[in-house]
Amino acid sequence: MLTEQDAIRLQETLRQQVIPTDVLPAQLNIVAGVDVEYDKDSDLIAGAIVLLDYHTRETLAIATHCMQVEFPYIPGLFSFREMPVLLEAWYKLSTFPDVIICDGHGWAHPRRFGLACHLGVTLDRPTLGCGKTRLTGHFEAPAVERGSLSPLLAEDNGEHIGNVLRTQTGINPVFVSAGHKISLAAATSLVLQMTTEYRLPETTRKADQYAREALLQYKGML
DNA sequence: GCGACAG
DNA sequence: ATCTTGTCGC
């Protein structure tokens with residue numbers, strides 16, 4: 001099995017493959033959201049990938065997968081816990097997205113390799129991270145209006161690793177960072193565009209909903 | 001040594 | 001992550 005030290009070494013290797021600039025289609029058509037749901041009293045988890053039409057936000061496809069978690073939750077190694085289910089769900093898709101919005105961070109990680117980077121490099125597709133809480137970095141609160149943002153700066157060298165973005169006026173901001181093949185600016189504007197009436201992007205909300213549903217159905221079959 | 005720590 | 005509907009407050 002993968003040890004903690006193995007995981008950290010693997011992160012370093014894969015991190016060097018991250019492309020921090022925009023390598024996106026001229027026109028976006030399909031945006032994906034991914035999320036993983038955990039069972040309260042067992043080690044079962046469900047991963048979901050939802051494809052939405054970029055323009056209408058209509059649901060185009062859903063893929064889910066249930067299995068047991070085999071890696072513990074360790075801040076900084078979070079991707080090793082969620083990658084397996086997400087990859088299994090990914091293999092069930094027959095249509096593919098132009099960009100993937102992950103529930104968690106990308107570059108805004110202690111070693112600059114959060115889930116969004118890991119998934120992006122593994123699938124070699126554009127990804128970005130949109131987390132609900134901070135993992136690393138310091139920031140000032142952005143203005144209260146939707147669209148306001150402030151930079152998330154690395155604790156050691158002050159590097160601009162992400163943006164703290166207010167997606168709804170008067171509601172707590174989210175943490176956006178680049179994953180793979182996308183710039184922070186493009187990632188930030190995409191999150192804002194996919195966020196209509198709630199704090200989180202519709203992609204994330206739908207993925208969360210289908211992951212929860214898949215877990216309940218799977219448990220009901222046991 | 002102490003606090004912080006995505007989901 | 002999970003607990004969790006109605007309720008308190010602006």
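In what follows, every chain begins at residue 1, and chains take the letters A, B, ... in the order their sequences are listed. As a basis for the values below, the full set of heavy atoms in this structure was taken, side chains included, without hydrogen atoms, waters or symmetry mates.
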### Message
Stacking between A:Y73 and B:dG7, defined as ring centres under 5.5 angstrom apart with planes under 30°, is that present or not?
### Response
yes
### Proximity to DNA chain B (any heavy atom under 4.0 Å), residues of residues 122-161 of chain A only
A:G131, A:K132, A:T133, A:R134, A:L135
### Task
Treat primed atoms plus P, OP1 and OP2 as sugar-phosphate and everything else as base, then score nucleotides 5-10 of chain C 5' to 3': B for base contact with protein heavy atoms under 4.0 Å, S for sugar-phosphate contact only, - for none.
------
### Summary
Across all chains, not counting sequence neighbours, the ring pair (Phe, Tyr, Trp, His ring centres under 6.0 Å) partners of A:Y210 are none
### Close residues, residues 167-189 of chain A, relative to DNA chain B [heavy-atom separation under 4.0 Å]
none
### Task
Could you give me the stems involving DNA chain B, meaning stretches of three or more consecutive Watson-Crick or G-U wobble pairs whose two defining distances are both below 3.5 Å?
none
### Message
Could you work out, with side-chain contact (heavy atoms from CB on, under 4.5 Å) as the rule, every residue matching A:T204, not counting sequence neighbours?
### Response
A:I101, A:D103, A:L200, A:P201
### Task
Under 3.5 Å for both distances, Watson-Crick or G-U wobble, that's the pair rule; now give the dot-bracket for DNA chain C, with | marking pairs to another strand and [ ] for crossing ones.
..........
### Task
Would you please name every residue forming a ring pair (Phe, Tyr, Trp, His ring centres under 6.0 Å) with A:F96, sequence neighbours left out?
A:W90
### Message
Using the ring pair (Phe, Tyr, Trp, His ring centres under 6.0 Å) criterion, which residues pair with A:H118? Sequence neighbours excluded.
### Response
A:F80, A:F113
#### Entry: Listed partners of A:K206 passing salt bridge (Lys or Arg N to Asp or Glu O under 4.0 Å), at least two apart
none
### Summary
Sequence neighbours excluded, the answer for side-chain contact (heavy atoms from CB on, under 4.5 Å) partners of A:K219 is A:D39, A:D41, A:L44, A:L215
Just distance, no hydrogens or angles: give the donor-acceptor pairs under 3.5 Å from side chains in residues 68-77 of chain A, sequence neighbours left out.
{"unit_1": "A:Q68", "atom_1": "NE2", "unit_2": "A:D43", "atom_2": "OD1", "d": "3.2"}

